[in-house]
There are 2 protein chains.
Amino acid sequence: MASSAAKDSASRDRATLRDIALDTGLSMSTVSQALRGAGRISEATRARVAEASARLAYRANVSALHMRGARTGLVGLVATVPDSTSWSVGDLDFLVRCERAFCDVALGSDRYPVMLSGSSVSGAIGVLPVDGVAVIDPGPNDPLLRLLEERGVAYVTLGRDVLSDASDEWVVDNDKLGITRVALDGLYQRGMRRSLLLTADTGQNYMTDVAQAYDAWGEAHPDVTTTTAVLPLPFDAAQAARVVSDACRDGVDTIYLAVEPALTAVLDAVAAEGLSIPDDVQLLATTDSTRAQSLVPAISAVDLQPAALGERLFALLEQRVSGAVPDAVERLVAADVRWRDSTRALV
Amino acid sequence: MASSAAKDSASRDRATLRDIALDTGLSMSTVSQALRGAGRISEATRARVAEASARLAYRANVSALHMRGARTGLVGLVATVPDSTSWSVGDLDFLVRCERAFCDVALGSDRYPVMLSGSSVSGAIGVLPVDGVAVIDPGPNDPLLRLLEERGVAYVTLGRDVLSDASDEWVVDNDKLGITRVALDGLYQRGMRRSLLLTADTGQNYMTDVAQAYDAWGEAHPDVTTTTAVLPLPFDAAQAARVVSDACRDGVDTIYLAVEPALTAVLDAVAAEGLSIPDDVQLLATTDSTRAQSLVPAISAVDLQPAALGERLFALLEQRVSGAVPDAVERLVAADVRWRDSTRALV
DNA sequence: CTGAAAGCGCTTACAG
DNA sequence: CTGAAAGCGCTTACAG
């Protein structure tokens with residue numbers, strides 16, 4: 001009925017250890033021991049405490065526990081946005097699925113994910129009582145990572161910081177080399193002979209790694225002409241269209257698209273050149289999205305398994321927070337190619 | 001270099017109040033006062049403390065503050081999922097945008113959103129040191145809301161609990177009555193004379209309100225035959241298709257779709273009946289999504305302004321947490337209809 | 001204007 | 001097997 005107003009709502013009217021002590025006639029220390037199972041408390045006492053604790057709906061105060069060195073159960077999740085203007089459906093799709101999986105598995109493990117995406121992240125670090133932090137797609141030489149390091153906060157990342165010399169111990173990632181090879185092999189078998197990689201200068205490891213893998217594949221396949229176009233940020237659709245038009249005139253038969261925002265611009269540009277997909281030009285996106293699935297033609301795409309990545313990320317963070325070795329978690333996640341209508345049938 | 005292992009990472013090596021006291025030669029209480037600006041501390045002392053505090057990168061321990069009754073800055077965000085099998089792109093689209101807006105504005109206000117969606121929510125309530133909780137789309141007679149009430153946790157909701165008699169004071173919502181009228185008026189002007197509302201039995205206020213508004217509109221327009229089909233949960237595409245086929249044979253010229261998951265099933269069913277959209281059957285969805293935009297034809301839809309809702313939700317929660325009256329926040333969010341290709345031109 | 005004391009809710013040595 | 005004491009980092013009366 002009446003609202004509770006300014007009072008600290010999370011701890012209003014809660015039973016404390018003292019309440020149980022009073023109720024059972026035991027001392028607070030005994031109650032504490034009985035609850036944690038630590039000391040050698042008699043079964044009878046233990047039962048008495050358990051009963052009272054249940055009856056009074058006792059829950060230990062997390063902040064008090066934290067002051068004694070316990071974990072809070074809070075884990076931070078940071079998604080660094082490289083440049084707001086470069087955002088689009090596809091990236092969001094990936095991010096959302098990844099975040100959601102992370103959160104779901106965290107909650108299922110009695111951990112509470114705090115969303116830290118945004119600009120105020122650094123202010124939160126070292127203040128917020130989180131046990132650890134997961135960072136999705138850190139930027140090159142990411143200052144956040146250095147801050148985390150400095151403050152001694154346990155953290156893991158999805159994708160490595162390309163400019164950092166830190167080891168990959170606490171990094172979850174796709175097997176980009178493998179997946180790029182599979183994708184390009186597939187395109188090759190579908191007739192690719194002259195391809196264009198469309199990428200952007202975000203500096204994030206995702207772009208970098210894909211470009212590298214693409215180049216490596218190209219060198220191993222001299223019968224395929226592999227070219228690359230790097231779009232500057234902020235993303236400009238008209239520019240992307242121009243690049244694609246030029247490529248079409250150069251006889252490119254395959255576009256390997258690492259810049260999801262450019263998707264419709266690419267489709268339009270190809271159509272404007274009077275060419276058709278996939279007969280004249282094949283198109284494959286390096287990240288899957290609802291949009292890719294819904295467009296006509298449906299766009300073939302690499303499914304990076306964002307949900308699996310999110311889950312691994314959490315598992316790895318748990319490892320690090322608890323001081324375990326990282327080896328217990330498989331850190332490389334395989335991806336799949338979803339062949340759809342924007343690529344041809346196998347020849 | 002070496003990782004920090006099991007130690008509580010958030011508070012490792014942090015300067016404490018005592019450090020500043022030692023550094024300045026003042027007592028801890030004086031330092032505390034100087035920092036908070038409370039007592040009448042001399043300017044000179046205050047400056048001395050500020051300097052030391054900055055130099056030592058002092059940040060108050062949130063858990064300690066919390067024990068003294070301060071807020072933690074943590075706010076819970078709960079999205080109740082009515083039934084996992086009924087989930088789909090459109091709902092997710094809405095949810096994601098809403099959540100994201102909530103999180104963004106929270107972070108911008110130095111609040112930290114904790115994602116509580118999932119089954120373990122109730123375990124967290126009363127344990128987690130959150131200042132308040134926002135619940136998106138509570139179910140009918142939602143036990144979570146009762147728990148929140150019981151525990152005295154400050155909360156607000158997006159959409160009211162249809163079976164609760166609580167006032168709408170702390171509820172943010174769309175102006176569903178208004179938007180339904182606008183949408184149906186628009187459809188009417190586009191030739192709707194025989195319409196079907198396709199809804200589902202989720203019991204959430206969203207469905208209920210739309211159905212009610214639809215009925216009200218129908219009564220005011222005797223020249224339009226308005227029918228309703230309620231799909232049972234879990235959602236079954238085949239069943240939805242059957243309902244739509246029947247409706248098509250009955251001469252329905254407009255489908256008002258409140259069940260986004262049924263979108264493709266509806267399209268397929270209409271096509272299977274040899275009818276075309278929008279010429280034979282118009283289609284309008286009550287929630288917008290990337291999918292609705294990308295499909296061919298592009299689906300007309302109600303844009304519920306999820307981002308605005310998320311922002312309002314946060315603003316309202318802040319109000320409640322700080323003990324203010326709710327009137328300072330406009331709780332009714334207007335929506336818009338995005339007329340696309342699945343509805344006809346105005347006649 | 002500044003400091004010593006008590007206490008928020010808990011745990012962990014240390015005595016009995 | 002159980003309890004009294006000290007202390008995590010802070011603030012807020014209360015004395016000086």
Side-chain angles (χ1 to χ4, degrees), chain A residues 6-50 52-53 56-73 126-129 131, chain B residues 6-50 52-53 56-73 126-129 131:
Chain A
K7 207 152 176 216
D8 173 34
S9 46
S11 61
R12 213 190 54 151
D13 298 337
R14 287 236 323 255
T16 79
L17 212 54
R18 189 205 303 302
D19 293 326
I20 304 191
L22 257 35
D23 184 279
T24 55
L26 294 163
S27 77
M28 287 179 57
S29 24
T30 304
V31 172
S32 177
Q33 308 264 54
L35 252 22
R36 310 270 138 207
R40 304 115 308 193
I41 303 291
S42 75
E43 264 320 313
T45 308
R46 209 180 281 281
R48 203 143 57 94
V49 169
S53 161
L56 303 179
Y58 171 75
R59 305 304 251 99
N61 181 316
V62 171
S63 294
L65 290 178
H66 188 227
M67 291 202 58
R68 304 283 327 183
R71 296 193 204 164
T72 57
V127 175
L128 213 54
D131 300 326
Chain B
K7 205 149 176 219
D8 173 34
S9 45
S11 61
R12 212 191 54 151
D13 297 336
R14 288 236 321 256
T16 78
L17 212 54
R18 188 203 304 300
D19 294 326
I20 303 192
L22 256 35
D23 184 278
T24 55
L26 294 163
S27 77
M28 287 179 56
S29 25
T30 304
V31 172
S32 176
Q33 308 264 55
L35 251 22
R36 311 270 137 206
R40 306 115 305 192
I41 303 290
S42 74
E43 264 320 313
T45 309
R46 210 180 282 281
R48 201 141 59 91
V49 170
S53 161
L56 303 178
Y58 170 76
R59 306 302 252 103
N61 180 316
V62 170
S63 294
L65 290 177
H66 189 227
M67 290 200 59
R68 305 283 327 181
R71 296 194 204 165
T72 57
V127 175
L128 213 53
D131 300 326

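Residue numbering restarts at 1 for every chain, and letters A, B, ... go by the order of the sequence lines.
Residue-level contact check: B/T16 touches the backbone only, with heavy atoms under 4.0 Å from sugar-phosphate atoms and none from bases. Heavy atoms of B/L17 sit under 4.0 angstrom from at least one base atom. Using a 4.0 Å heavy-atom criterion, one finds that B/T30 contacts the bases of the nucleic acid, with or without backbone contacts as well. In this structure, A/S42 reaches the sugar-phosphate backbone alone: every heavy-atom distance under 4.0 Å involves primed, P, OP1 or OP2 atoms, never a base.
A straight line from NE2 of B/H66 to P of C/dG9 spans 11 Å, rounded to a whole angstrom. Following rounding to the nearest Å, A/Q33 (CD) and C/dC10 (C1') show an atom-to-atom distance of 12 Å. For B/R46 and C/dC1, the CZ to C1' distance is 11 Å, given to the nearest whole Å. Atom P of nucleotide C/dT11 and atom CD1 of A/I41 are separated by 12 Å, given to the nearest angstrom. Taking atom CG of B/L35 as the reference point, atom P of D/dC10 lies 9 Å away to the nearest angstrom. To the nearest angstrom, C1' of C/dC1 lies 11 Å from CG of B/L26. In this entry the distance linking CZ of A/R36 with P of C/dG9 reads 15 Å, nearest Å. Straight-line distance from the CE atom of B/M28 to the P atom of D/dA13: 17 Å, rounded to whole Å.
Contact detail for B/N61 and B/S63: the closest heavy-atom pair is OD1-N, 2.7 Å. Here the closest non-hydrogen pair linking A/V62 and B/V127 is CG2-O, 3.1 Å.
Taking only side-chain nitrogens and oxygens, A/R18 comes nearer than 4.0 Å to OP1 or OP2 of C/dC8. Taking 4.0 angstrom as the limit, A/S32 places a side-chain polar atom (N or O) nearer than this to OP1 or OP2 of C/dT11. Checking the phosphate oxygens (OP1, OP2) of D/dG9, no side-chain nitrogen or oxygen of A/R68 falls inside 4.0 Å.
In this structure, the separation between CZ on A/R36 and CD1 on A/I41 is 13.0 Å, given to the nearest 0.5 Å.
For the side-chain contact (heavy atoms from CB on, under 4.5 Å) with A/S53, the qualifying choice from A/D23, A/L35, A/D19 is A/L35, the only one to do so.
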Item to complete: Starting from the C-alpha separation in whole Å, work towards a yes-or-no answer on side-chain contact (heavy atoms from CB on, under 4.5 Å) for A/L56 and A/I20.
Response: CA-CA 8 Å; A/L56 303 179; A/I20 304 191; 4.2 Å; yes

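Base-pair partner of D/dA15: C/dT2 (Watson-Crick or G-U wobble, both distances under 3.5 Å).
Contact of A/S29 with D/dA4 (side chain to base): a donor-acceptor pair of N or O atoms is detected under 3.5 Å.
Residue-to-nucleotide proximity on DNA chain C shows that, of B/M67 and B/T45, the 5′-proximal contact is made by B/T45.
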